[in-house]
J.: 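Below: one structure in structure tokens.
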Number of protein chains: 2
Amino acid sequence: MSTSATPRERLLDAAGELFYRDGVNIGVDALCKAAGVSKKSMYQLFRSKDELIAESLASRGPAYQTMLYPGAEDDRGPRERILTVFDRQDAMVASDNYLGCPYVSTAVELKNPEHPGSVVARHFKQQLTDFFHRELVKAGAEDPSTLAVQLTMIFDGAAARAVVRAQPLGGIGAVTAAALLDAAGIHAGELALS
Amino acid sequence: MSTSATPRERLLDAAGELFYRDGVNIGVDALCKAAGVSKKSMYQLFRSKDELIAESLASRGPAYQTMLYPGAEDDRGPRERILTVFDRQDAMVASDNYLGCPYVSTAVELKNPEHPGSVVARHFKQQLTDFFHRELVKAGAEDPSTLAVQLTMIFDGAAARAVVRAQPLGGIGAVTAAALLDAAGIHAGELALS
DNA sequence: GAATTCGGAAACCGATCGGTTTACTGTGGC
DNA sequence: GCCACAGTAAACCGATCGGTTTCCGAATTC
């Protein structure tokens with residue numbers, strides 16, 4: 001455990017990992033011990049455990065999205081860029097300590113949709129839908145809004161399937177997304193004719 | 001709270017509701033108080049809280065499936081029978097105290113896939129996939145196994161979407177399932193030619 | 001009517017919960 | 001040297017955790 005990072009960074013990192021691995025009911029004591037930070041420091045850096053939950057979720061966002069979304073340098077077509085998300089999710093799911101999408105899992109545990117952590121989760125899901133939507137518009141999809149939501153749903157469905165450890169069916173998310181894109185007439189390398 | 005049912009039934013009912021509404025971390029005291037059962041009775045009816053979790057999940061199964069699956073008296077085609085599941089899910093999701101599929105949510109909270117409750121959840125998901133599979137075979141689907149898994153995934157994706165309270169898009173599960181069935185060439189009222 | 005069983009109420013156990021407080025150690029500025 | 005600050009360790013708070021035990025009342029059985 002590196003002491004180099006600031007207490008705040010160490011706390012956010014440890015919280016991100018422990019809330020994911022053990023659930024949001026992990027104790028504050030265990031959290032602080034893992035982060036090498038005193039409870040006193042934690043409670044003057046964050047108003048409450050609930051706020052730490054939300055902030056640790058939010059702080060994971062950029063790295064998570066970078067891991068999931070294709071970068072701007074990927075100049076393949078929208079279809080390929082969309083399917084990249086599902087391929088990368090498949091890779092994460094294959095890890096045996098995968099416990100579902102951190103945002104959905106946290107929202108499930110929190111139950112209360114008004115909880116600051118739930119708000120962050122909702123925001124992240126919207127960003128995923130927005131990414132799909134942008135690509136679908138580029139591809140000239142007929143109904144990009146509906147299709148973007150459908151793709152988000154498949155993403156979360158694939159994650160749920162991994163959580164319950166249903167018999168693995170490799171790449172099922174990508175296959176399903178591809179089927180939906182096929183049905184919408186969105187083919188490889190294709191851009192909207194304009 | 002009815003005192004008519006046996007302590008075991010009252011306990012299973014209360015557990016089914018409270019574990020769903022408040023999460024599996026709800027205390028045994030609160031549980032027993034809600035059920036009108038003493039802790040002593042609880043612990044001689046169930047070995048542990050974990051066993052109660054599993055048994056209450058299992059006991060909900062039949063009613064849940066009856067609410068979700070079309071009955072044998074529904075003699076419409078496989079496509080309609082499959083879409084019925086999604087329509088009924090939509091109705092459940094519309095309730096403002098919907099907190100996701102109880103089986104997936106519990107598995108998410110338990111984290112441990114070896115937990116007896118997780119085993120029950122996995123079993124229920126397999127039963128849903130099996131239902132889809134049977135209908136798809138009746139419809140003469142080309143690849144019923146893959147398609148059944150895809151439909152299960154859409155089911156769980158729609159539930160996840162409701163949990164994070166993403167902007168509601170009514171019937172999106174049914175629409176997506178229908179799109180997948182269309183793509184597979186499974187049309188209304190159609191039975192396999194044999 | 002006596003004995004036995006069932007089950008609820010509640011005390012009890014050590015551990016942990018979220019959160020606060022005190023006391024102490026380092027490290028920087030000046 | 002000295003002061004102020006950041007931060008850790010640990011005690012402390014009342015509440016609750018999963019689980020066990022004791023006690024006692026209300027049935028059931030013969």
Side-chain angles (χ1 to χ4, degrees), chain A residues 1-57 59 106 108-112 114-118 120, chain B residues 1-57 59 106 108-112 114-118 120:
Chain A
M1 159 194 336
S2 72
T3 298
S4 55
T6 71
R8 180 163 226 275
E9 291 167 335
R10 277 180 283 152
L11 258 178
L12 287 174
D13 285 354
E17 188 192 331
L18 291 186
F19 283 144
Y20 181 63
R21 204 190 60 194
D22 300 325
V24 296
N25 286 287
I26 178 89
V28 185
D29 290 286
L31 216 55
C32 289
K33 179 176 265 186
V37 169
S38 69
K39 288 174 78 175
K40 179 188 175 194
S41 297
M42 193 211 113
Y43 275 102
Q44 63 194 33
L45 286 168
F46 302 94
R47 245 171 298 176
S48 65
K49 183 193 179 187
D50 287 331
E51 189 174 296
L52 176 56
I53 291 172
E55 294 224 37
S56 76
L57 265 191
S59 75
T106 303
V108 165
E109 291 176 39
L110 292 176
K111 309 285 180 194
N112 174 13
E114 317 287 352
H115 189 290
S118 301
V120 173
Chain B
M1 156 192 338
S2 70
T3 298
S4 55
T6 71
R8 180 163 225 274
E9 289 166 335
R10 278 180 282 151
L11 219 26
L12 286 174
D13 285 353
E17 189 192 329
L18 290 185
F19 282 146
Y20 181 63
R21 205 190 58 192
D22 300 324
V24 294
N25 287 286
I26 179 88
V28 185
D29 290 287
L31 216 54
C32 289
K33 177 176 268 186
V37 169
S38 68
K39 289 175 74 176
K40 178 190 176 193
S41 298
M42 193 209 112
Y43 277 103
Q44 64 193 32
L45 286 169
F46 303 94
R47 244 170 301 175
S48 65
K49 183 192 178 187
D50 287 332
E51 189 174 296
L52 176 56
I53 291 173
E55 294 223 36
S56 75
L57 265 190
S59 75
T106 302
V108 164
E109 291 176 39
L110 293 176
K111 309 287 178 191
N112 174 14
E114 316 287 353
H115 188 291
S118 300
V120 174

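Proteins come first, then strands; the chains are lettered A, B, ... in the order of their sequence lines, and each starts at number 1.
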J.: Figure out the CD1/C1' separation between A:Ile53 and C:dC17, and round it to whole Å.
T.: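 Atom CD1 in A:Ile53 sits about 13 Å away from atom C1' in C:dC17.
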J.: Is the shortest distance from a Lys or Arg side-chain nitrogen in A:Lys111 or B:Glu109 to a carboxylate oxygen in the other one below 4.0 Å?
T.: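 Yes.
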J.: Can you check whether A:Val37's main-chain N or O pairs, donor with acceptor, with A:Arg10's side chain at less than 3.5 Å?
T.: no
J.: Taking all non-hydrogen atoms of both residues, which atom of A:Asn112 and which atom of A:Glu114 are closest, and how far apart?
T.: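 Closest heavy-atom pair between A:Asn112 and A:Glu114: OD1-N, 2.8 Å.
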J.: Would the distance check show the side chain of B:Lys49 and the main-chain N or O of B:Gly27 forming a donor-acceptor pair, the cut-off being under 3.5 Å?
T.: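 No; zero donor-acceptor contacts below 3.5 Å.
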J.: Please name the pair of heavy atoms, one in B:Ala14 and one in B:Ala35, separated by the smallest distance, quoted to 0.1 Å.
T.: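 Here B:Ala14 and B:Ala35 meet closest at CB-CB, 3.7 Å.
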J.: For DNA chain C, find the residues of residues 11-26 of chain A with a heavy-atom distance under 4.0 Å and give them by number; none if there aren't any.
T.: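 Those residues whose heavy atoms fall under 4.0 Å from DNA chain C, taken from residues 11-26 of chain A in numerical order, are A:Ile26.
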J.: Counting side-chain heavy atoms from CB outward, which of D:dT8, C:dA9, D:dG18 is closest to B:Val28?
T.: D:dG18
J.: Pick the closest DNA chain D nucleotide for A:Pro7 and for B:Lys39 by heavy atoms, then say which residue is nearer the 5' end.
T.: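 Closer to the 5' end of DNA chain D: A:Pro7.
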J.: Can you measure from CD (B:Glu55) to CG (B:Leu11) and round to the nearest 0.5 angstrom?
T.: 10.5 Å
J.: Rounded to whole Å, how long is the line connecting atom CG of B:Leu31 with atom C1' of C:dA9?
T.: 17 Å
J.: With the threshold set at under 4.0 Å for non-hydrogen atoms, list the residues of residues 41-51 of chain B touching DNA chain D in residue-number order.
T.: B:Tyr43, B:Ser48, B:Lys49
J.: B:Lys40 NZ to C:dA9 C1': how many Å, rounded?
T.: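 In whole Å, C:dA9 C1' and B:Lys40 NZ are 11 Å from each other.
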J.: Starting at NZ of B:Lys33 and ending at P of D:dC17, how long is that distance when rounded to a whole Å?
T.: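 The distance from NZ of B:Lys33 to P of D:dC17 comes to 11 Å, rounded to the nearest Å.
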J.: Identify the two heavy atoms, one from B:Lys39 and one from B:Asp29, that lie closest to each other, and give their separation to 0.1 Å.
T.: CD-OD1, 3.1 Å
J.: If the cut-off is 4.0 Å, is A:Arg8 near the phosphate of D:dG7, judged by side-chain N/O to OP1 or OP2?
T.: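 Checking D:dG7 against A:Arg8, no side-chain N or O comes under 4.0 Å of OP1 or OP2.
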J.: If I compare all heavy atoms of B:Ser48 with all of B:Tyr43, which pair ends up nearest, and what's the gap?
T.: CA-CE2, 4.1 Å
